[in-house]
Amino acid sequence: MISIIASDMDGTLLNDHMEITPKTVAAIKKAQEAGIEFMVATGRGLTEAQPIVKNAGLDKMAYITLNGAQVYDVDGKLVVSEPLENTIVTELIKKLRAQQFYFELVTNKGIFSESKVRRIQHVADLLVNLNPDTTYKIAVALAAARLEIMNINYVDNYDTILNDDSFQIMKILVFSESGPDVFTNFKADYQNSSEIVITSSSPNNIEINSIRAQKGLALIDYAKQKGVTADEVMAVGDNLNDESMIKAAGVGVAMGNALPAIKELATFTTATNLNDGVGQAVEWALSQQKSQH
């Protein structure tokens with residue numbers, strides 16, 4: 001029987017308008033009433049994730065954020081924090097700059113960027129990539145609007161953050177409109193790293209976290225604290241940063257729009273993010289509960 005359901009956001013819980021559909025919201029509420037805990041597991045930070053969930057009318061939810069670097073309980077209390085080590089951050093930034101990548105630092109004090117123009121451009125690219133029906137022009141408008149609700153801070157140079165001990169770097173987010181191949185060499189350099197893990201949430205980005213910050217690790221640890229075994233956990237996702245939790249959960253669910261590699265790992269595949277895929281997966285979990293009573 002499923003006791004905890006964890007869902008990714010982009011390309012999974014959210015449709016092409018960055019919203020949770022009414023059908024999916026209804027299914028989640030039904031699950032919560034039936035005693036199943038629904039939680040979000042995302043690459044986003046809390047300030048990016050929570051407003052969207054709350055706008056949909058959902059509350060009392062735990063969040064695995066930044067791919068597992070920060071976990072918040074249902075009361076909004078930070079219960080896990082896994083920042084990157086300073087020495088590796090310095091090394092990574094040097095490399096990223098040398099290769100002229102645009103990247104952002106996700107810190108314990110919000111997200112920092114060195115360029116507003118490039119940020120809007122990359123968020124728009126991401127939206128088009130996740131939702132091919134969206135035109136670039138609409139994506140730019142959506143991206144600009146999204147930036148309003150996101151806690152983005154702009155600095156002329158990241159050194160101001162790196163030289164301030166009160167900052168912790170939770171994640172480095174790297175973008176390129178040239179697609180995944182441009183990251184191949186960079187990823188290869190850290191393939192066997194004992195310090196960092198590199199995933200992605202779209203073909204246009206890579207996400208660098210501490211090796212201890214992974215959705216799967218965070219999800220199973222969270223379940224354990226609740227006295228729930230991995231068998232009673234369901235995880236839903238579409239991309240490479242969901243791989244660890246799809247593997248770790250007793251029931252791993254791939255979205256209809258998921259990467260082939262994710263579908264191969266999953267217990268089953270649900271509908272796409274445009275067709276209430278998460279809602280359908282939640283309904284499945286509820287039907288299992290009923291059949292066991």
Side-chain angles (χ1 to χ4, degrees), residues 8-12 14-19 42-53 55 65-67 69-70 83-84 89-90 92-132 134-164 167-183 186-187 198-209 213 239-241:
D8 169 52
M9 285 188 83
D10 294 281
T12 302
L14 306 182
N15 64 11
D16 52 346
H17 294 292
M18 295 285 144
E19 291 163 350
T42 178
R44 292 169 178 246
L46 190 70
T47 54
E48 279 186 273
Q50 206 172 33
I52 297 172
V53 175
N55 286 346
T65 69
L66 308 178
N67 296 330
Q70 290 184 325
L84 286 153
V89 168
T90 310
L92 288 164
I93 286 179
K94 207 170 160 186
K95 264 200 171 158
L96 292 167
R97 281 194 169 137
Q99 294 179 35
Q100 296 188 322
F101 281 121
Y102 168 73
F103 61 98
E104 295 168 2
L105 301 183
V106 184
T107 76
N108 56 332
K109 299 182 184 186
I111 303 163
F112 287 80
S113 165
E114 287 178 328
S115 167
K116 192 170 192 170
V117 173
R118 288 188 78 180
R119 174 160 235 291
I120 289 178
Q121 192 188 336
H122 287 294
V123 173
D125 281 334
L126 175 75
L127 293 179
V128 170
N129 226 294
L130 290 171
N131 309 289
T134 307
T135 67
Y136 190 74
K137 198 175 168 186
I138 288 172
V140 168
L142 279 170
R146 246 183 81 184
L147 294 188
E148 297 307 309
I149 61 163
M150 280 158 56
N151 183 18
I152 299 286
N153 308 281
Y154 295 96
V155 287
D156 292 334
N157 193 306
Y158 289 139
D159 292 348
T160 47
I161 293 168
L162 301 175
N163 296 331
D164 182 339
F167 278 94
Q168 287 183 316
I169 312 299
M170 308 309 295
K171 183 173 91 164
I172 301 175
L173 191 52
V174 190
F175 295 93
S176 173
E177 57 276 11
S178 309
D181 295 345
V182 78
F183 301 123
F186 186 86
K187 281 160 79 173
I198 300 177
T199 59
S200 69
S201 55
S202 100
N204 289 0
N205 75 18
I206 53 171
E207 306 189 357
I208 306 169
N209 282 93
N239 222 304
L240 296 175
N241 64 343

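Values below: all heavy atoms of this structure, side chains included; hydrogens, waters and symmetry mates excluded.
Arg44 approaches Leu14 most closely through the heavy-atom pair NH2-CD1, 3.6 Å. Considering every non-hydrogen atom in both Val53 and Met9, the closest pair reads CG2-CE, 4.1 Å. Nearest heavy-atom pair, Ile172 versus Leu96, reported as atom, atom and distance to 0.1 Å: CG2-CD1, 3.9 Å. Taking all atoms of both residues into account, the shortest heavy-atom contact from Ala124 to Ala139 is O-CB, 3.6 Å. Minimum heavy-atom separation, Val128 to Thr134: CG2-O, 3.8 Å. When every heavy atom of Gln168 is checked against every heavy atom of Asn108, the shortest pair comes out as N-OD1, 2.7 Å.
Contact check on Glu177 versus Arg118 returns no salt bridge, with no Lys/Arg side-chain nitrogen under 4.0 Å from an Asp/Glu carboxylate oxygen. For the pair Arg97 and Asp159, the salt-bridge criterion is met [side-chain N within less than 4.0 Å of a carboxylate O].
Proximity of Tyr102 to Ser176: side-chain heavy atoms (C-beta onward) are nowhere separated by under 4.5 Å. Side-chain contact between Met170 and Thr107 is absent, with no heavy atoms from C-beta onward closer than 4.5 Å. Considering only heavy atoms from C-beta on, Ile208 comes within 4.5 Å of Val174 through its side chain. In this structure, the side chains of Glu19 and Asn55 stay at 4.5 Å or more apart for every pair of heavy atoms. Using a 4.5 Å cut-off on side-chain heavy atoms (C-beta onward), Asn205 and Ser200 make contact. With contacts defined as side-chain heavy-atom distances shorter than 4.5 Å, the pair Asn239/Thr199 does not qualify. Counting heavy atoms from C-beta on, the side chains of Ile206 and Phe175 never come closer than 4.5 Å. Between Gln70 and Leu46 the shortest side-chain heavy-atom distance does not fall below 4.5 Å.
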Phe103 vs Ile93, test: side chain to side chain contact (heavy atoms under 4.5 Å, CB included). Steps then yes/no. CA-CA 9 Å; Phe103 61 98; Ile93 286 179; 3.9 Å; yes
Would you sort out whether Tyr154 and Glu114 count as a side chain to side chain contact (heavy atoms under 4.5 Å, CB included), showing the intermediate values? CA-CA 6 Å; Tyr154 295 96; Glu114 287 178 328; over 6 Å; no
Verdict with reasoning, Lys171 to Leu84, per side chain to side chain contact (heavy atoms under 4.5 Å, CB included): CA-CA 7 Å; Lys171 183 173 91 164; Leu84 286 153; 5.6 Å; no
Residues Asn241, Asn67; criterion side chain to side chain donor-acceptor pair (under 3.5 Å); working and verdict: CA-CA 7 Å; Asn241 64 343; Asn67 296 330; 3.0 Å; yes
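In this structure, CD1 on Ile169 lies 11.0 Å from CG on Leu92, to the nearest 0.5 angstrom. From Ile111, atom CD1 reaches atom CD of Glu48 across 3.5 Å, with rounding to the nearest 0.5 Å. Of the inter-residue distances, the one linking Lys95 atom NZ with Thr90 atom OG1 reads 13.5 Å to the nearest 0.5 angstrom.
Counting non-hydrogen atoms of neighbouring residues, nucleotides and ligands closer than 6.0 angstrom, the CG atom of Asp156 reaches no more than 12 such neighbours.
By the 30° and 60° cut-offs, the orientation of the rings of Phe186 relative to Phe101 is perpendicular.
A side-chain N or O of Ser201 and one of Glu207 form a donor-acceptor pair less than 3.5 Å apart.
With sequence neighbours left out, the ring-ring contact (aromatic ring centres under 6.0 Å, His included) criterion links Phe167 to Phe112.
Not a single donor-acceptor pair under 3.5 Å links the side chain of Asp164 to the backbone N or O of Thr160. A donor-acceptor pair under 3.5 Å is formed between the side chain of Asn209 and the backbone N or O of Leu66.
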